[in-house]
There are 2 protein chains.
Amino acid sequence: MRSEMINETETPAVAGQKDNRYSACLLFSANALARAITAIGDEEFGRIGLSYSYAYLLCEVVDQPGVTPSKLSETLFLTPSTITRLVEKLELKQLVRRESEGKKTLIYPTEAGEALRPAIAEAWGRVGARYSSAIGPDDVCQLTQQVFKAARSLDDLD
Amino acid sequence: MRSEMINETETPAVAGQKDNRYSACLLFSANALARAITAIGDEEFGRIGLSYSYAYLLCEVVDQPGVTPSKLSETLFLTPSTITRLVEKLELKQLVRRESEGKKTLIYPTEAGEALRPAIAEAWGRVGARYSSAIGPDDVCQLTQQVFKAARSLDDLD
DNA sequence: ATTTGTTGCTTGCACATACAAATATTGTTG
DNA sequence: CAACAATATTTGTATGTGCAAGCAACAAAT
């Protein structure tokens, strides 16, 4: 996300303050945060040729070989259709393979997939380091907990 | 970043507990929250035929006729290209119109656009009410502030 | 055992967003 | 002034995600 451009006429009170009426809106703020932090994630995970959802999904598959899409959907807070898409692409990249068993689908890592696991952990760490230093390591922990708790509350609604 | 692995396998102590190792990851949690809350937003704003980004953009245009894409980009934390796309669609719906002035583009609301303004405010309120009641009205305010602050910190990086 | 419903996964389609490159205007400097 | 750099916007293209509908396998009930 870019867009500096300062000047702006009637800036009130504090300089550098980019608060606006949307800052009080969680719908707005949560999306802004997600976009900003995903940019970091994509940068770091991109170095291993994945974006963060793929990386996390691959983690799950490596750590729980034979995991099903529905389990992944629950763990990753993504819809089943999204999981299908992610798995498809990981399969194309030869990082996982699917096995049909009845109406279930079991997902297993390939060797290449397993080999990527440490790199994912590293990238994961780098992402954490970057946003921690930007946001402030003290706040980050509590913020994360609260954000997750809120996400879960909303998700449990339906 | 701490990766606390929580129990695995079958449901742990508390029922409804969906914590996992990603709950400690802000990249993950922020996206989960954004998706969950956007679902609410789309539902409410959908009733007036917009999704939330369009609605907020239209607000800005109604409240600051002649606003430029770059200003909108700054206010809405979206890239200029995204603003162009949003404005295009609002123009198709006859809710705004564009005027070229040199290298700038000035965006004005149409009457239909202005007429929608109160409905947007209402939908906005309903969204707030819904997530407040889900998350807990006490937490929501502080959470929103922190989330916005974090988003701004990350955005100010580059 | 056939029907009916339920569960698990996949597909078709749509949408929000971004990046990189293209275009057009404005500013600057030799 | 001409050439070049900077700024503002748009366009081509790609990606992540979801909804609704489809399909396949299983379960339940008559």
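Each chain gets a letter, A, B and so on, in the order the sequences are listed, and its residues count up from 1. The model shown is predicted, which means the values in this text are computed figures rather than measured ones.
Counting heavy atoms from C-beta on, the side chains of A:Phe28 and B:Thr144 never come closer than 4.5 Å.
The side chain of A:Tyr54 approaches D:dG16 more closely than any other nucleotide in the set C:dT17, D:dG16, D:dT17. The side chain of A:Thr82 lies closest to D:dG18 when the candidates are D:dG18, C:dA18, D:dC26. Here D:dG18 is the nucleotide among C:dG8, D:dG18, C:dT26 with the atom lying nearest to any side-chain atom of B:Arg35. The side chain of A:Arg85 sits closest to D:dG18 out of D:dT11, D:dG18, C:dT17. Here the side chain of A:Thr105 is nearest to one of D:dC26, D:dT7, C:dC9, namely C:dC9.
Between A:Ser51 and D:dT15 there is no side-chain polar atom (N or O) within less than 4.0 angstrom of OP1 or OP2. Between C:dC19 and B:Thr79, no contact under 4.0 Å exists linking OP1 or OP2 to a side-chain N or O. A close approach under 4.0 Å does occur between a side-chain nitrogen or oxygen of A:Tyr52 and OP1 or OP2 of D:dT17. Listed pair A:Thr84 / C:dT10 meets the phosphate criterion, a side-chain N or O lying under 4.0 Å from OP1 or OP2. Remark: B:Lys89 is in phosphate contact with C:dA16, judged by side-chain N or O atoms under 4.0 Å from OP1 or OP2. Applying the 4.0 Å criterion to OP1 and OP2 of C:dC9, one finds that A:Ser70 has a side-chain N or O inside that range.
Separating the NZ atom of B:Lys103 from the C1' atom of D:dT9 is a distance of 10 Å, rounded to the nearest angstrom. Taking atom CG of residue B:Leu57 and atom C1' of nucleotide D:dT9, one finds them 14 Å apart after rounding to whole Å. Going from atom CD1 of A:Ile37 over to atom P of C:dA18 covers 15 Å, rounded to whole Å. When rounded to the nearest whole Å, the span between CG of A:Leu154 and C1' of D:dG18 equals 17 Å. One can place CG of B:Leu86 at 15 Å from C1' of D:dT11, the figure rounded to the nearest angstrom. Remark: P of D:dT7 and NZ of B:Lys71 are 19 Å apart, rounded to the nearest angstrom. If you measure from atom NZ of B:Lys104 to atom C1' of D:dT10, you get 17 Å, rounded to the nearest angstrom. The interatomic distance linking A:Glu99 (CD) with C:dT10 (P) rounds to 13 Å, in whole Å.
If you check the side chains of B:Ser53 and B:Ser51, you find no donor sitting under 3.5 Å from an acceptor.
A salt bridge links A:Arg21 with B:Asp63: the distance from a Lys NZ or Arg NE/NH1/NH2 to an Asp or Glu carboxylate oxygen falls below 4.0 Å. Ion pairing of A:Arg117 with A:Glu122 is absent here, as no side-chain N (NZ or NE/NH1/NH2) approaches a carboxylate O to less than 4.0 Å. A salt bridge links A:Arg98 with A:Glu91: at least one charged nitrogen is closer than 4.0 Å to a carboxylate oxygen.
Residue contacts for A:Ile83: at a heavy-atom cut-off of 4.0 Å it reaches no nucleic acid atom on any strand shown. Within 4.0 Å (heavy atoms only), B:Thr38 reaches no atom of the nucleic acid at all. Counting non-hydrogen atoms under 4.0 angstrom, B:Pro69 reaches the backbone sugars and phosphates but no base. Using a 4.0 Å heavy-atom cutoff across all strands shown, A:Ser53 reaches sugar-phosphate atoms only and no base atom.
Residue A:Val96 is tested with A:Leu86, A:Val61, A:Val62, A:Val67 for a side chain to side chain contact (heavy atoms under 4.5 Å, CB included); the sole match is A:Val61.
Across the interface with DNA chain D, nearest-nucleotide mapping of A:Asp42 and B:Arg98 shows B:Arg98 to be the residue nearer the 5′ end. Across the interface with DNA chain C, nearest-nucleotide mapping of A:Asn31 and A:Ser81 shows A:Ser81 to be the residue nearer the 5′ end.
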